[in-house]
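Contents: one structure, followed by commentary.
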Amino acid sequence: MLDRKFILDNAAIVQENCRRRGASVDVQKFVDLETRRRAKDTEVQDLNRRANEVSKTIGQAKDESEREARKAEGRRLREAKEAAQKELDALQAEIVEIQKLFPNMSHPQAPVGGESAAVEIRRGRAPVPKFDFKPKDHVELAQSLDLLDLEAGARVAGHGFYFLKNEAVLLELALQQFAVNFLIGRGYTPMITPDLARNDVLAGIGFLPRGPETQIYSIENSDLSLIATAEITLGGLLTGQVLDEGQLPLRLCGVSHCYRTEAGAHGRATRGLFRVHQFTKIEMFAFTTPEQSDGMHDELCGLECEIFDALAVPYRVIDTPTGDLGGPAYRKFDLEAWMPGRGEGGAGDWGEITSTSNCTDYQSRRLDIRCKKKGEKGTRLVHTLNGTAVAVSRALIAILENNQQADGSIVVPEPLRPFVGKERIGKKFGELGRSP
RNA sequence: GGAGAGGUGGCUGAGUGGUCGAUAGCGCCGGUUUGCUAAACCGGUAAGGGGGCCUAAACCUCCUUCACGGGUUCGAAUCCCGUCCUCUCCGCCA
């Protein structure tokens with residue numbers, strides 16, 4: 001959410017920001033309603049104050065008749081206050097509905113425009129591979145090596161679900177181990193989070209459960225939903241808290257499953273593991289002071305690069321344009337891995353594997369997470385940031401497709417070998433075995 | 001799932017209808033004393049929002065908040081209903 005006062009004081013700037021982000025919000029209507037709300041709020045406060053004053057004098061009334069007279073006066077004021085309050089509540093509800101639609105403000109350096117305005121700001125260390133044979137896509141590779149069963153996934157849970165098998169299981173676990181260990185070394189506190197969260201936590205992070213276009217699976221007869229990312233649970237972790245600024249930034253790393261309905265996404269780039277309803281993700285999350293968030297955003301992006309450099313996956317980093325930022329992000333960097341099996345006729349293409357966002361105070365305002373400097377008066381809203389360390393399903397695509405060999409085997413990235421127990425995935429599970 | 005107990009300021013803990021935003025202790029901040037430290041003593045110490053105030057600080061003032069939401073009442077930490085959470089015991093389960 002944006003701050004109401006900020007919107008009111010900067011209506012033109014907010015309007016322009018909405019335009020750049022492709023969000024149609026009626027700023028003028030918001031301003032009108034908010035102006036009326038403020039007047040009504042003053043009225044309610046005034047009536048309430050007067051009613052309180054009268055109530056305080058009743059205990060000290062001299063006699064019964066004066067007591068009764070004051071009670072009547074008090075009753076009259078309370079009723080007037082209640083009536084005004086009702087109008088205020090109605091205005092408030094209407095305003096919040098509009099307020100929720102405002103996207104966050106945008107970083108001044110974020111490129112303005114739609115997808116085509118994306119700016120490449122960095123390349124990974126590993127070069128895009130050149131194959132002297134026709135590379136396969138990850139579905140072919142995985143099926144020939146007996147690593148993946150999409151048909152069984154569909155039988156059990158429908159399209160978009162899958163079974164991982166054999167070394168793919170080891171790879172998934174290895175990616176988790178590798179990423180978590182790496183982040184622990186960088187001062188991140190590892191956490192395994194709930195895979196479900198309350199709907200108001202979802203909404204605080206910026207997800208809309210039960211909407212028509214929702215990405216979220218809801219649990220029937222409850223106010224719980226399956227999380228789409230551990231960003232939701234990690235962000236919700238400190239709801240309502242006031243943090244000591246001396247302890248910031250807080251660096252967390254969450255392990256969770258992620259569930260996404262992918263409503264309306266059928267038909268485009270849905271082959272294999274690229275767009276699935278469930279996957280495992282190692283997520284970074286940070287709470288910072290307002291001054292720290294830009295620096296922390298660079299840190300998160302840097303860590304994502306280190307991870308994929310270590311895995312020798314070729315990638316580029318994109319500074320996401322305003323039109324693609326979504327609601328909560330102030331700025332977003334995406335890592336796009338080279339995926340040889342993607343694109344027209346298997347020519348290869350870039351596919352998003354991680355993403356890191358600085359959400360400034362957009363999430364903390366709704367979640368009410370503040371920070372306070374010792375000895376200073378008042379609190380400020382913290383800034384929240386998130387970044388993908390490893391989204392396992394997409395990392396698997398990049399690893400399988402980039403590391404494939406002419407004989408159809410897959411070379412295991414060096415940092416994963418201790419966990420997978422072999423250097424190469426061949427035709428048969430256990431073919432190369434673990435060394436004794 | 002069943003039974004019981006409970007949720008009050010940074011913490012402990014009193015408070016069962018009227019200047020109670022709340023006794024007391026601990027902690028913390030300031031001061032006195034002291035060669036230094038400690039102790040002792042004195043004073044201060046919840047948060048959020050609005051206004052005085054055109055900008056910052058200080059100060060003053062009002063409102064809201066005793067888990068959350070509703071109800072009763074002129075008035076609720078206190079009475080009633082619902083929800084959530086915590087703890088104990090029993091059952092069940094990985």
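Letters A, B, ... mirror the listed sequences (proteins, then strands); counts begin at 1. A quick note: this is a predicted structure, and the numbers were derived from the prediction, not measured.
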(request) Sticking with atom P, work out how far B/C80 lies from B/U72, rounded to a whole angstrom. (result) 15 Å
(message) Consider side chain to side chain contact (heavy atoms under 4.5 Å, CB included). Of A/Ile282, A/Leu252, A/Leu303, A/Val180, which one does A/Tyr188 pass it with?
(response) A/Leu303
(request) Measure the distance from NZ on A/Lys71 to C1' on B/G75 and round it to the nearest whole Å. (result) 10 Å
(request) Kindly indicate whether the side chain of A/Pro418, heavy atoms from C-beta on, has any atom under 4.5 Å from the side chain of A/Gln177. (result) no
(request) Rounded to the nearest angstrom, tell me the gap between atom CZ in A/Arg49 and atom C1' in B/U19. (result) 17 Å
(request) Classify the ring geometry between A/Phe30 and A/Phe102 as parallel (under 30°), tilted (30 to 60°) or perpendicular (over 60°). (result) perpendicular
(message) Work out how far the C1' atom of B/A39 is from that of B/G31, and round it to whole angstrom.
(response) 16 Å
(request) Can you tell me the distance, in whole Å, between the CG atom of A/Leu77 and the C1' atom of B/G75? (result) 13 Å
(request) Run the numbers on A/Arg380 and A/Thr289 for side chain to side chain donor-acceptor pair (under 3.5 Å), then give the verdict. (result) CA-CA 8 Å; A/Arg380 301 189 289 169; A/Thr289 66; 4.9 Å; no
(request) May I have the distance from A/Leu47 (atom CG) to B/U64 (atom C1'), rounded to whole angstrom? (result) 16 Å
(message) Please confirm whether the shortest side-chain N or O distance from A/Lys5 to OP1 or OP2 of B/G50 is below 4.0 Å.
(response) yes
(message) On RNA chain B, compare the nucleotides closest to A/Gln45 and A/Arg78; which residue's is nearer the 5' end?
(response) A/Gln45
(message) Check this for me: does the side-chain of A/Arg50 come within 3.5 Å of the base of B/G75 through a donor and an acceptor?
(response) no
(request) In whole angstrom, give the distance that lies between atom CG of A/Leu224 and atom P of B/U83. (result) 16 Å
(request) Check whether any side-chain nitrogen or oxygen of A/Asn52 sits under 4.0 Å from OP1 or OP2 of B/C62, and answer yes or no. (result) no
(message) Distance check needed: B/C85 C1' versus A/Arg198 CZ, whole Å only.
(response) 9 Å
(request) Could you state the atom-to-atom distance from CG of A/Asp368 to P of B/A47 in whole Å? (result) 15 Å
(message) Just N and O in the side chain of A/Asn48: are any of them under 4.0 Å from OP1 or OP2 of B/U64?
(response) yes
(message) Measure CD/A/Gln85 against P/B/U64 and give the value in whole Å, please.
(response) 10 Å
(request) Any strand is fair game: report the nucleotide pairing with B/U32 by Watson-Crick or G-U wobble, both distances under 3.5 Å, or none. (result) B/A40
